[in-house]
Number of protein chains: 2
Amino acid sequence: MPRKPNFDRNDLIERARDLFWKRGWSGTSLKDLEAELQMKPGSFYAAFGSKDALFGLAMQKYVNDGLEHLRELADKCGPINALKQWPAKAIESDNAPAKACMLSKTLLELNAHNHPLAEQASLHLLKMEEQFADLFQQAQSAGEIDKTHDPLVLARKYQSDLLGLRVSAERDGINAQAIAQEIADGISRL
Amino acid sequence: MPRKPNFDRNDLIERARDLFWKRGWSGTSLKDLEAELQMKPGSFYAAFGSKDALFGLAMQKYVNDGLEHLRELADKCGPINALKQWPAKAIESDNAPAKACMLSKTLLELNAHNHPLAEQASLHLLKMEEQFADLFQQAQSAGEIDKTHDPLVLARKYQSDLLGLRVSAERDGINAQAIAQEIADGISRL
DNA sequence: AATATACTTGAGTGATCACTCAAGAAAGAC
DNA sequence: GTCTTTCTTGAGTGATCACTCAAGTATATT
């Protein structure tokens, strides 16, 4: 009996994610979203409830896609090669919304205000870190990395390196791929 | 003949810096600044011209203080020890406005809008990097670091590590001091 | 004391913020 | 076709944004 919405919800969330990722939370106004999503305010609020709610969905998609891509990479070329290639892949795309990680951008922007989205970002970062730890452990099981290392410690440092790389990649005149290579080399030395 | 302002300009800039550092550019409203600086709008604009102008002065002070502290540390305990201790020092203070670097926060927040302050932040980061490179070179001259390394490359990676550390330090439940220690250990291995 | 020269005050500017809601339009059920 | 249910529209909400400016006040010079 009801009328169906004439949009693809998943597509809208992806476009919102790209906009939020690039411009940040306060840098993205509802007017921006209305223009990008081709929605009037009424439809927007009927569909998503609030700007924050959509931002939450956008971050969720960002993380899910990231976890999935990493898993695919690991399936294709093994855990240690995935970990080595991941940094370069994270910054290689020229048409990505931003070089920096959406989660770190959100955390830095909203943490001081104790905004719920900052906490969400923090939890998502932890989720990523757990997958890194998982890959480090798999690499240890495969005998590719010394087993005396704690995979959680390795993952924490790896995550930190990755975040630094992706901030550096936002800068002009910085050869970020060289930094990515150094991170990869660091893994080889473990 | 004129009346003197009844405030200490340098003190105002420091307090503005702390507020901007903690809350970011768009997270700090003029109302916030008026409250923190105890200034009415008229005085504020007479003294600083605009929010952006004050933000620029605040970043300038942030960098100058950073460069000076690093130089002092290097004078006190030598270039390589300064480089080793710096990461831990950057995140140790509990009453600092934020763990993350003000320059990286500004860059991430404003880069997508091509805001002049993002460019300023980028230049300031380069300035810091140059001082790091200088210390690496001094350490090489003193025979403390292998001379085959390019100090500019070392500095770039060091800066990236530092930025990552300071983003990680914003997260809850992360032992950032352990990451700082790993960065220091990395320098020892050079 | 008079004057000139700032500095301080705070109400007020238009613009934009996230968001609301009543009215109209579309599509499946009958 | 009619009804019911949902989606779409877009003008409009109060709040807040960075910022202005005319009037009042304080101080150094003469």
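By convention in this document, chain letters (A, B, ...) are assigned in the order of the sequence lines, proteins followed by strands, and residues within each chain are numbered from 1. This one's a predicted model, so the numbers in the text were calculated from it and none came from an experiment.
Judged by distance alone, with hydrogens and angles left aside, the side-chain atoms of B:R15 form a donor-acceptor pair with the main-chain N or O of B:E36 at under 3.5 Å. Looking only at distances, a side-chain donor or acceptor of A:N111 sits under 3.5 Å from a matching main-chain atom of B:E170.
Among the protein residues, A:S26 comes within range of no part of the nucleic acid, since none of its heavy atoms lies under 4.0 Å from any strand. Across all strands, A:F7 comes closer than 4.0 Å only to sugar-phosphate atoms, never to a base (heavy-atom distances).
For the atom pair OG of B:S168 and CG of A:L125, the computed distance is 8.0 Å after rounding to the nearest 0.5 Å.
Regarding A:Q38, its CD atom lies at a distance of 12 Å from the P atom of D:dG10, rounded to whole Å. In this structure, A:F44 atom CZ and D:dC7 atom P are separated by 15 Å, rounded to whole Å. Regarding B:F20, its CZ atom lies at a distance of 9 Å from the P atom of D:dA18, rounded to whole Å. Going from atom CD of B:E34 over to atom C1' of C:dA11 covers 12 Å, rounded to whole Å. As rounded to whole Å, 13 Å separates atom C1' of C:dC17 from atom CG of A:L33. Between A:M39 atom CE and D:dG10 atom P there is a gap of 14 Å when expressed in whole angstrom units. Going from atom NZ of B:K51 over to atom C1' of D:dT20 covers 17 Å, rounded to whole Å.
Between B:S43 and C:dC7 there is no side-chain polar atom (N or O) within less than 4.0 angstrom of OP1 or OP2. Regarding contacts with the backbone of C:dG10, a side-chain N or O of B:K40 is found under 4.0 angstrom from either OP1 or OP2. Residue B:Y45 has no polar side-chain atom (N or O) positioned under 4.0 Å from OP1 or OP2 of D:dT20.
A salt bridge links B:D65 with B:R17; the closest basic N to acidic carboxylate O contact falls under 4.0 Å. Checked for salt-bridge contact, A:K51 and A:D32 miss the test: no charged N lies under 4.0 Å from a carboxylate O.
Each of A:G42 and A:W25 lies near DNA chain C, and the nucleotide nearest A:W25 is the one positioned closer to the 5' end.
Nearest to the side chain of B:K31, among D:dC17, C:dA18, D:dC19, sits D:dC17. The nucleotide whose nearest atom lies closest to any side-chain atom of A:P41 is, among D:dA18, C:dC17, C:dT20, C:dT20. Among C:dC19, D:dA18, D:dT8, the nucleotide with an atom closest to any side-chain atom of B:L30 is D:dA18.
For DNA chain D, no neighbouring residue in residues 105-121 of chain B is found when judged by any heavy atom under 4.0 Å.
Proximity of the aromatic rings of A:F44 and A:F48 is defined here by a centroid distance below 6.0 angstrom, and this criterion is met.
Side-chain polar atoms of A:N81 and A:K76 form no donor-acceptor pair below 3.5 angstrom.
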